[in-house]
Undergrad: 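Structure below; questions to follow.
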4 protein chains.
Amino acid sequence: MKEVGSHMKLDVGILGGSGYTGSELLRLLKSHPDVGVRVVTSRKAAGTSIGDFHLHLKGAYTLEFTNVSVEKFKDCDVVFSALPHGTSMEFIPDLLDMGLRVIDLSADYRLEKDVYEATYGITHKGYREAVYGIPELYRDLSIANLIANPGCYPTGAILAAAPLAKEKLIDMVVFDSKSGVTGAGAIPTEFTHFPHISDNIVPYRVVDHRHTPEIKQELWKLGGDFRISFTPHLIPVNRGILTTAHIYLKGPLTSKEVKEVYEEFYNDCFFVRFVSSPSVARVRGSNFCDIGIFGEGEQFVIISAIDNLVKGASGQAIQNMNLMLGLPEQRGLEHLPMFP
Amino acid sequence: MKEVGSHMKLDVGILGGSGYTGSELLRLLKSHPDVGVRVVTSRKAAGTSIGDFHLHLKGAYTLEFTNVSVEKFKDCDVVFSALPHGTSMEFIPDLLDMGLRVIDLSADYRLEKDVYEATYGITHKGYREAVYGIPELYRDLSIANLIANPGCYPTGAILAAAPLAKEKLIDMVVFDSKSGVTGAGAIPTEFTHFPHISDNIVPYRVVDHRHTPEIKQELWKLGGDFRISFTPHLIPVNRGILTTAHIYLKGPLTSKEVKEVYEEFYNDCFFVRFVSSPSVARVRGSNFCDIGIFGEGEQFVIISAIDNLVKGASGQAIQNMNLMLGLPEQRGLEHLPMFP
Amino acid sequence: MKEVGSHMKLDVGILGGSGYTGSELLRLLKSHPDVGVRVVTSRKAAGTSIGDFHLHLKGAYTLEFTNVSVEKFKDCDVVFSALPHGTSMEFIPDLLDMGLRVIDLSADYRLEKDVYEATYGITHKGYREAVYGIPELYRDLSIANLIANPGCYPTGAILAAAPLAKEKLIDMVVFDSKSGVTGAGAIPTEFTHFPHISDNIVPYRVVDHRHTPEIKQELWKLGGDFRISFTPHLIPVNRGILTTAHIYLKGPLTSKEVKEVYEEFYNDCFFVRFVSSPSVARVRGSNFCDIGIFGEGEQFVIISAIDNLVKGASGQAIQNMNLMLGLPEQRGLEHLPMFP
Amino acid sequence: MKEVGSHMKLDVGILGGSGYTGSELLRLLKSHPDVGVRVVTSRKAAGTSIGDFHLHLKGAYTLEFTNVSVEKFKDCDVVFSALPHGTSMEFIPDLLDMGLRVIDLSADYRLEKDVYEATYGITHKGYREAVYGIPELYRDLSIANLIANPGCYPTGAILAAAPLAKEKLIDMVVFDSKSGVTGAGAIPTEFTHFPHISDNIVPYRVVDHRHTPEIKQELWKLGGDFRISFTPHLIPVNRGILTTAHIYLKGPLTSKEVKEVYEEFYNDCFFVRFVSSPSVARVRGSNFCDIGIFGEGEQFVIISAIDNLVKGASGQAIQNMNLMLGLPEQRGLEHLPMFP
């Protein structure tokens with residue numbers, strides 16, 4: 001903690017700051033009134049200033065990226081890990097053992113150990129218990145030491161179905177999700193090459209995406225066993241996930257009844273907005289999750305829209321940090337969506 | 001019919017040539033070896049040469065757009081109507097009474113009269129029986145006088161599910177469709193304004209799109225009553241419809257068994273290609289319908305990709321014309337997709 | 001002025017809040033610590049809440065749009081006019097006569113009266129003297145009552161060439177500018193219809209764009225008469241103007257000398273950043289103007305990148321307001337660019 | 001040469017068929033009435049069928065890619081090399097020595113040997129004299145054995161300025177060019193990663209692009225020494241180069257006079273179209289070069305639009321082949337642009 005101007009700022013560290021979730025943490029934390037970024041590591045960018053690597057952040061930070069080592073975080077109040085899955089687990093146990101509080105943006109702590117190993121095909125080298133960090137579901141994070149920040153697809157899917165799941169009303173749900181290309185990361189591939197994905201839409205991993213177990217784990221925890229399927233598509237959009245949840249209920253409900261279930265569930269949630277026409281551009285750059293409710297009787301179509309890099313990653317991580325530190329969840333995240 | 005070079009060319013007329021389906025007919029028919037365009041009408045563009053109105057067609061035609069009147073088509077062998085629904089019906093009965101063969105790209109002759117009136121909220125002023133023109137389903141068009149060219153969404157949805165429907169294997173299907181913006185037509189609206197739809201995806205008419213009755217009519221005709229839902233989205237793509245058909249079967253089948261059902265059904269169909277990774281860019285500008293088959297057991301995800309202006313409109317209309325005239329279905333439509 | 005929490009907030013009004021510059025003022029002012037929006041007018045949206053009209057702003061304001069009338073602004077400290085040119089002049093003289101300070105985002109007060117009338121083909125109904133509001137050129141705005149906020153193209157062009165102009169070094173400059181589609185406004189046209197401009201680039205008004213006199217007026221005021229040409233293009237981008245200034249000098253200079261001229265000119269300017277690779281995405285959503293300097297000898301290529309809705313319109317208007325009110329120019333505008 | 005149906009088809013080979021220019025040759029040659037593709041090599045794709053590698057070409061060819069070796073081409077009438085510069089020169093001398101006629105799409109034979117080596121930083125291992133293949137400039141190709149197919153940028157730039165250059169009217173020209181991303185090739189890089197270039201425009205190699213010497217060589221050959229500058233930009237478009245040529249004349253001309261110069265120069269050229277509003281989407285997928293002429297007096301803005309993969313590469317290569325073989329230049333290239 002450091003005195004900055006008239007008040008104290010908490011010290012934040014970032015493990016792995018060269019990717020999109022890292023740069024988005026840096027963008028968002030810059031205007032957070034209660035924290036300051038003190039350390040950012042990156043193998044790839046070590047020795048380079050933040051603004052020379054992330055050109056849009058030029059002038060915003062005087063920090064340089066440093067090599068990865070847990071000792072550098074010893075004076076931090078909170079550490080974010082924006083490392084890839086499989087790598088995050090190499091550092092997090094040590095950070096926890098140093099008494100630090102950690103928010104992990106990778107997949108390493110989201111699933112039960114055996115489910116994780118089966119899903120990712122990796123032996124877990126440093127398993128610990130973590131809180132699954134969707135603050136709209138788990139609001140009391142004040143004593144958490146390790147928060148597993150959810151996947152982008154699961155965030156959109158779970159927020160679309162959680163209220164009906166909790167009331168045990170769902171018979172079956174088909175999640176048809178469409179993600180912007182930043183969801184695939186900052187490293188170029190044939191799949192994300194502009195001429196391949198521009199003017200195109202491509203379904204992928206149609207029946208075996210690794211986010212499926214995460215969606216099932218959280219929704220079944222809330223609402224018991226029901227059939228869930230999940231199909232992702234890549235669309236020519238930078239940011240945003242639109243999740244179209246085709247939900248079949250166990251029995252008929254009116255549109256009004258379903259809306260009341262959602263309004264009650266999200267009653268005190270700053271970032272959930274109910275809208276008549278959800279779309280990813282209307283939440284662009286913000287931490288909002290817009291939800292539209294359509295249907296009548298036994299079938300409903302519930303559509304959620306998030307920015308995959310904000311509510312689907314770095315914004316939600318900061319929201320988790322706020323609650324962990326006893327701050328209002330929206331602190332530093334109140335800026336509005338940018339449209340167009 | 002006119003002698004052109006060494007052989008005879010049939011005379012073709014187009015009612016309503018100023019929109020996207022009209023211009024696409026003009027683009028495609030220019031290289032058809034057996035037909036020539038003799039008349040193109042347009043209220044909006046009357047008196048203008050085709051190349052001055054559709055700038056990309058500059059130099060391709062010496063014709064001018066003329067005002068709409070049925071007499072102008074009297075020497076034609078076939079007439080396409082690319083007029084909007086509600087307007088097409090004002091001219092088609094007269095054309096048929098003149099003995100002309102007609103292919104209507106509007107919705108006016110796709111549905112039973114009462115279903116049409118309920119769906120479109122219009123009293124039908126000139127109802128006639130028509131053949132529903134998906135040539136992969138109805139291949140004998142040689143005696144048809146009026147062909148109702150299908151909607152773009154129904155083409156993608158029906159081709160994705162027809163083989164399983166015909167075998168009475170489907171318990172339920174959720175069609176989640178994503179369309180390029182040309183599907184919304186050439187007239188600018190707030191919805192299709194670039195800054196609104198670029199970098200965005202927008203679901204619309206979520207539970208009441210007018211293509212739903214058309215999909216149900218054709219699939220139920222093939223395969224009996226089963227639950228069908230349809231949800232369209234607009235994506236920032238010029239051309240293309242990707243239809244993700246989430247299909248639940250009455251009982252489990254292997255992936256191999258399902259693939260055999262599709263291969264047999266589309267056995268002699270030039271324009272259906274089975275692919276491992278369907279995407280709209282891989283059929284761009286062509287009349288192909290690419291189909292990908294995913295799943296095992298009771299749930300399958302069948303994905304079709306078409307160009308909405310070609311297989312979803314003008315290309316399919318020409319395919320219908322070919323069969324109507326006794327030509328091979330692919331005549332004049334053999335050019336390959338343009339990628340990227 | 002109102003007491004808000006611990007300190008006083010100045011009252012701001014907006015004339016014409018339904019377009020893109022209006023909604024951008026609302027987005028940006030929401031997080032300005034020293035002002036609050038009290039009145040927003042719109043003929044089109046009167047009676048609608050801000051969040052129901054601008055869907056991305058849902059929940060941010062409790063205000064409704066009201067009909068246009070100058071009386072409504074009587075308690076405001078500053079009024080922005082985001083009305084179109086020709087309409088702005090109907091209200092601004094009355095606002096000034098009421099003693100209000102006004103920032104006009106239209107073209108109505110940017111040019112000498114006779115040049116304005118010749119350029120826009122309109123008789124000016126309420127001419128007044130105004131300060132041309134590029135704060136990097138005119139920093140003392142504390143006594144200004146009427147600020148003419150510059151056009152988006154002129155902002156990019158003038159910032160690219162001003163330092164060399166001021167030193168009387170320029171022999172000739174060709175401005176080749178590329179603008180995102182929001183620059184054409186929120187009202188749909190054939191030109192801005194998604195299928196027309198997506199996957200396309202279109203030059204327009206090639207030798208007679210109305211921003212040319214504005215560019216000449218300001219650069220000639222700084223640096224005497226030299227040849228200036230300006231050619232705009234529309235690109236498939238939402239936000240941003242990239243201006244490629246091809247500059248021929250009167251005599252040879254080294255790259256280092258030219259860079260020094262720019263660094264000195266923009267010495268105390270928070271929003272000008274010198275970069276090695278300017279691009280519009282790196283300033284997206286922010287008030288920065290990134291400048292890249294290339295060349296050696298007699299020919300230089302100076303490239304500026306701005307967000308046309310921020311530095312090219314509403315952000316610059318707020319920057320002008322800050323200086324008018326004696327605040328630091330960056331107050332409320334410090335958020336970082338959003339990339340990707 | 002093989003008998004195919006009723007007539008003989010010439011045998012064509014392609015060296016390097018896995019990139020965009022290779023796949024575009026395959027797309028276009030498929031519908032050429034007088035030639036058939038017999039051999040296609042690719043190190044990367046050897047052993048794979050064309051349709052399994054280029055998914056959009058599925059079903060169009062029964063050929064497989066083979067490893068690179070010149071012997072495989074011995075029965076070909078013409079060979080295209082779509083290999084990268086530096087690699088093409090390893091094979092072309094042998095092909096020529098075997099008596100084959102060759103069209104090289106790389107840069108290896110476009111420049112004088114010393115200029116080539118200085119520009120590309122490579123020692124030329126197999127220099128030969130070649131004809132620079134812009135058929136609008138050099139129409140008699142019937143005796144050529146080696147044609148150097150021009151770069152995409154030079155094609156657009158040279159076609160925009162050649163008529164005025166030939167008349168020795170130009171004092172200076174600034175080429176400001178904007179290219180679609182396919183111009184950067186099929187191999188993914190950070191520069192062409194979708195989130196980097198989508199919703200963006202990026203100038204690059206601002207004063208030292210390797211196409212500059214090629215533009216100068218050809219224009220100076222036509223019109224004597226005059227100042228030429230060239231600045232390329234990448235835009236979020238798949239295909240197309242728009243070249244804005246800012247031309248200053250030695251003395252004033254009327255718009256009519258300049259138009260006559262162009263009409264005479266391009267009098268018998270099938271692929272040059274004069275248009276009032278040039279744009280890349282209006283030539284998409286075709287071999288046309290649209291030219292717009294703006295200005296009056298001493299300054300003109302001449303704008304050309306081409307598809308970089310067609311007129312800027314593979315289409316022009318086929319046009320060169322046609323003339324080499326004594327066929328009409330438009331044979332097999334008559335399909336119309338695809339818009340939208």
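Please read these numbers as outputs of a predicted model, since none were measured by experiment. Quick note on labels: first sequence line is chain A, next is B, and so on, each numbered from 1.
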Undergrad: Tell me, for B:R273 versus chain D, whether the close heavy atoms (under 4.5 Å) come from the side chain, the backbone, both or neither.
TA: side chain
Undergrad: Checking D:T182 against chain B: side chain, backbone, both or neither under 4.5 Å from a heavy atom?
TA: side chain
Undergrad: With a 4.5 angstrom heavy-atom cut-off, could you sort out which part of D:L28 is near chain B: side chain, backbone, both or neither?
TA: neither
Undergrad: Is it the backbone or the side chain of D:Y20 that comes under 4.5 Å from a heavy atom of chain B, or both, or neither?
TA: side chain
Undergrad: Using 0.5 Å steps for rounding, measure from the NZ atom of B:K30 to the CG atom of D:L336.
TA: 7.0 Å
Undergrad: Against chain D, label B:F274 side chain, backbone, both or neither, depending on which of its atoms sit under 4.5 Å from a heavy atom there.
TA: backbone
Undergrad: Rounded at 0.5 Å granularity, tell me how far NZ in D:K58 sits from OG in B:S276.
TA: 7.0 Å
Undergrad: Out of D:S31, D:P337, D:P340, which one racks up the most heavy-atom pairs below 4.5 Å with chain B?
TA: D:P340
Undergrad: At a heavy-atom distance under 4.5 Å, which candidate from B:H335, B:H56, B:R284, B:E24 has the highest pair count against chain D?
TA: B:H56
Undergrad: What part of D:R239 gets closer than 4.5 Å to chain B, counting heavy atoms only: side chain, backbone, both or neither?
TA: side chain
Undergrad: Would you compute the distance between atom CG of B:L55 and atom CZ of D:F339 and round it to the nearest 0.5 angstrom?
TA: 8.0 Å
Undergrad: Does a sphere of radius 6.0 Å around CD in B:E264 hold more than 12 heavy atoms from other residues, nucleotides or ligands, not counting ones at 6.0 Å or beyond?
TA: no
Undergrad: Shorter than 4.5 Å, heavy atoms on both sides: which option in D:R282, D:H54, D:E334, D:R27 has the most such pairs with chain B?
TA: D:R282
